[in-house]
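To start, the structure itself, in C-alpha cells.
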Amino acid sequence: MTAVDVRALVFDVFGTVVDWRGGVAREVHRLLGPSVDAATLADDWRERYVPSMEQVRSGTLPWTPLDALHRASLSSVLADAGLASVPAEVRDELVLAWHQLDPWPDVLPGLRRLARSYVLAPLSNGNVALQVDLARRSGLPWDAVLGAEVVRHYKPDPEVYDSAAELLGVPPSSVVMVAAHLDDLAAARARRLRTAYVHRPDEFGGRVVPPSTDPDADLSVASFEELAEALGA
C-alpha cells in the first residue's frame, strides 16, 4: 500500500480509538460506589456486546441502536452482580458512560496529522449520537460519521464496509480500515478495503493480550502516530 493510493481512513472506535474499559469502569465507580467491582462489571457488560448485536443480525430483533442494546443488556449485568435494585434513572446514566470514553493518548496527535491529508471517519457499531458525543468530548477530527446505524447493519455485515467507499465516493481500495481487532480487519478485506492493525495491549486490562501484529494487514502499527508516519502524514 502506498500513501498516494489512500483517500480515506475509517476507524473502529471501541478499543481502537477509545478506552471503553477504563471509561465505563470510571462511570460505574461514580454512579454505583466503591463497593462495586467496576472493572469486572465493565468487562461483563462488554461480553454482552457481540451477542446483543447478533440478535439484530440474525433477525431475532429488528434494527436496534447500540444505546438500546446496551440498556437492555445492562439489566442482566446488574442482576448478575447483585445490583438488580439500581433504579432506572441510574441505569440510563450508566448507558451514557459509553458516550464519555477517553481516547488513547496517541489518538489525537495521530488523527490531527492524518487529517491534513486524508478524509477521516468512524466506522463503528456505535450509534450516531454516541459517535458525535465522543467526538465533541475529545475533539476527534472526523469529517463524517459512518457505521452501523447509517446502514442499519452491524459489523461484520458487508453492508457496513461497503458503505464507507460508497458514501465517500471513492474506490474500496482507496479506503483503509483501521482497527485493533483481527476479525474487523478480515471482514473489511473481504470487501476490498485496505487494512491497518493497531496494537492495543491494554484494551482488556491485561486479561487478554492481542497479537502484536496482523500479518494479513497492509500495515501493523503500535499507535496512530506511527500510522501517520507510515502514511507520510
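Both backbone and side-chain heavy atoms feed into the values below; hydrogens, waters and symmetry mates do not.
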Check against side-chain contact (heavy atoms from CB on, under 4.5 Å), Leu41 and Leu83:
CA-CA 11 Å; Leu41 195 146; Leu83 299 166; 3.9 Å; yes
Give the intermediate values and the outcome of side-chain contact (heavy atoms from CB on, under 4.5 Å) for residues Glu93 and Arg30.
CA-CA 11 Å; Glu93 198 166 353; Arg30 180 178 72 84; 3.0 Å; yes
Working note: Tyr154 + Leu69, criterion side-chain contact (heavy atoms from CB on, under 4.5 Å); need CA distance, chi angles, decisive distance, verdict.
CA-CA 12 Å; Tyr154 282 114; Leu69 294 179; 3.5 Å; yes
Kindly determine whether Trp63 and Val56 satisfy side-chain contact (heavy atoms from CB on, under 4.5 Å), including the steps that lead there.
CA-CA 6 Å; Trp63 169 254; Val56 177; 3.9 Å; yes
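Listed by chain and number, the residues in a salt bridge (Lys or Arg N to Asp or Glu O under 4.0 Å) with Asp80 are Arg48 (sequence neighbours excluded). Partners of Asp102 under the salt bridge (Lys or Arg N to Asp or Glu O under 4.0 Å) rule, at least two apart in sequence or in another chain, are Arg26, Arg137. By the ring-ring contact (aromatic ring centres under 6.0 Å, His included) test, Tyr161 pairs with no residue at all, sequence neighbours left out. Residues satisfying the side-chain hydrogen bond (donor to acceptor under 3.5 Å, both in side chains) criterion with Gln131, sequence neighbours excluded, are Ser124. Every residue was checked against the salt bridge (Lys or Arg N to Asp or Glu O under 4.0 Å) condition with Asp19, not counting sequence neighbours, and none meets it.
Side-chain heavy atoms closer than 4.5 Å link hydrophobic residues (I, L, V, M, F, W, Y) into clusters, and following such links, even through other members, never connects Leu96 to Val128. Hydrophobic clustering (ILVMFWY, side-chain heavy atoms < 4.5 Å, transitive): Leu123 and Val170 are in one cluster. Under the 4.5 Å side-chain heavy-atom criterion for Ile, Leu, Val, Met, Phe, Trp and Tyr, Val10 and Leu140 are members of distinct hydrophobic clusters. In this structure, Phe11 is a member of the same hydrophobic cluster as Val221, with clusters built from ILVMFWY side-chain heavy atoms closer than 4.5 Å. Side-chain heavy atoms closer than 4.5 Å link hydrophobic residues (I, L, V, M, F, W, Y) into clusters, and following such links, even through other members, never connects Val145 to Leu130.
Of the possible polar contacts, one joining the Ser58 side chain to the Gln55 backbone as a donor-acceptor pair under 3.5 Å is found. Proximity of a side-chain donor or acceptor of Asp218 to a complementary backbone N or O of Thr195 within less than 3.5 Å is detected. Here the side chain of His199 pairs no donor or acceptor atom with the backbone of Ser220 at under 3.5 angstrom. Within the 3.5 Å criterion, the main-chain N or O of His70 finds a donor-acceptor partner in the side chain of Ser73. The backbone N or O of Glu225 sits nowhere less than 3.5 Å from a side-chain atom of Asp106 that would complete a donor-acceptor pair. Proximity of a side-chain donor or acceptor of Ser174 to a complementary backbone N or O of Val6 within less than 3.5 Å is not detected.
In this structure, Arg207 places its CZ atom where more than 12 heavy-atom neighbours from other residues, nucleotides or ligands lie under 6.0 Å away.
For residues 139-150, the set of pairs meeting the side chain to side chain donor-acceptor pair (under 3.5 Å) definition, not counting sequence neighbours, is empty.
Between Asp12 and Val17, the shortest heavy-atom contact is O-CG2, 3.2 Å. Between Leu78 and Val86, the shortest heavy-atom distance links the atoms CD1-CB, 4.0 Å. Between Arg200 and Ala222 the shortest heavy-atom distance is NH1-O, 4.3 Å. Considering all non-hydrogen atoms of both residues, Ala164 and Leu146 come closest at CA-CD1, 4.0 Å. Among all heavy-atom pairs drawn from Val178 and Leu185, the shortest one is C-CD2, 4.4 Å. The minimum heavy-atom distance linking Ala179 with Asp184 is given by the pair CB-OD2, 3.8 Å.
Under the 4.5 Å side-chain criterion, counting only non-hydrogen atoms from C-beta, Pro211 is in contact with Tyr197. Side-chain contact between Glu203 and Arg46 is present, with heavy atoms from C-beta onward closer than 4.5 Å. Looking at heavy atoms from C-beta onward, Ser173 lies out of side-chain contact with Arg192 at the 4.5 angstrom threshold. Side-chain contact between Glu229 and Arg113: present, with at least one pair of heavy atoms (C-beta onward) separated by less than 4.5 Å. Looking only at side-chain heavy atoms (C-beta outward), Leu219 and Leu227 come within less than 4.5 Å of each other. Side-chain contact check for Asp214 versus Arg189: some heavy-atom pair is nearer than 4.5 Å. You'll find the side chain of Arg194 stays beyond 4.5 Å of the side chain of Leu9, heavy atoms only. At least one side-chain heavy atom of Arg71 sits less than 4.5 Å from a side-chain heavy atom of Asp92.
Arg191 CZ to Leu193 CG: the interatomic distance, rounded to the nearest 0.5 Å, is 9.5 Å. Here CG of Asn125 is found 4.5 Å from CE of Met53. Values are rounded to the nearest 0.5 Å. Atoms CG and CG, from Leu94 and Leu31 in turn, are 5.0 Å apart once rounded to the nearest 0.5 Å. Between the CG atom in Asp44 and the OG atom in Ser76 there is a gap of 7.0 Å [rounded to 0.5 Å].
At a threshold of 4.0 Å, the pair Arg152-Glu159 does not count as salt-bridged, since none of the basic side-chain nitrogens sits closer than that to a carboxylate oxygen.
A ring-ring contact (aromatic ring centres under 6.0 Å, His included) with Trp20 holds for exactly one of Trp45, Phe204, Tyr49; it is Phe204.
Taking the six-membered ring where the residue is Trp, the centroids of Phe14 and Trp98 are separated by under 6.0 Å.
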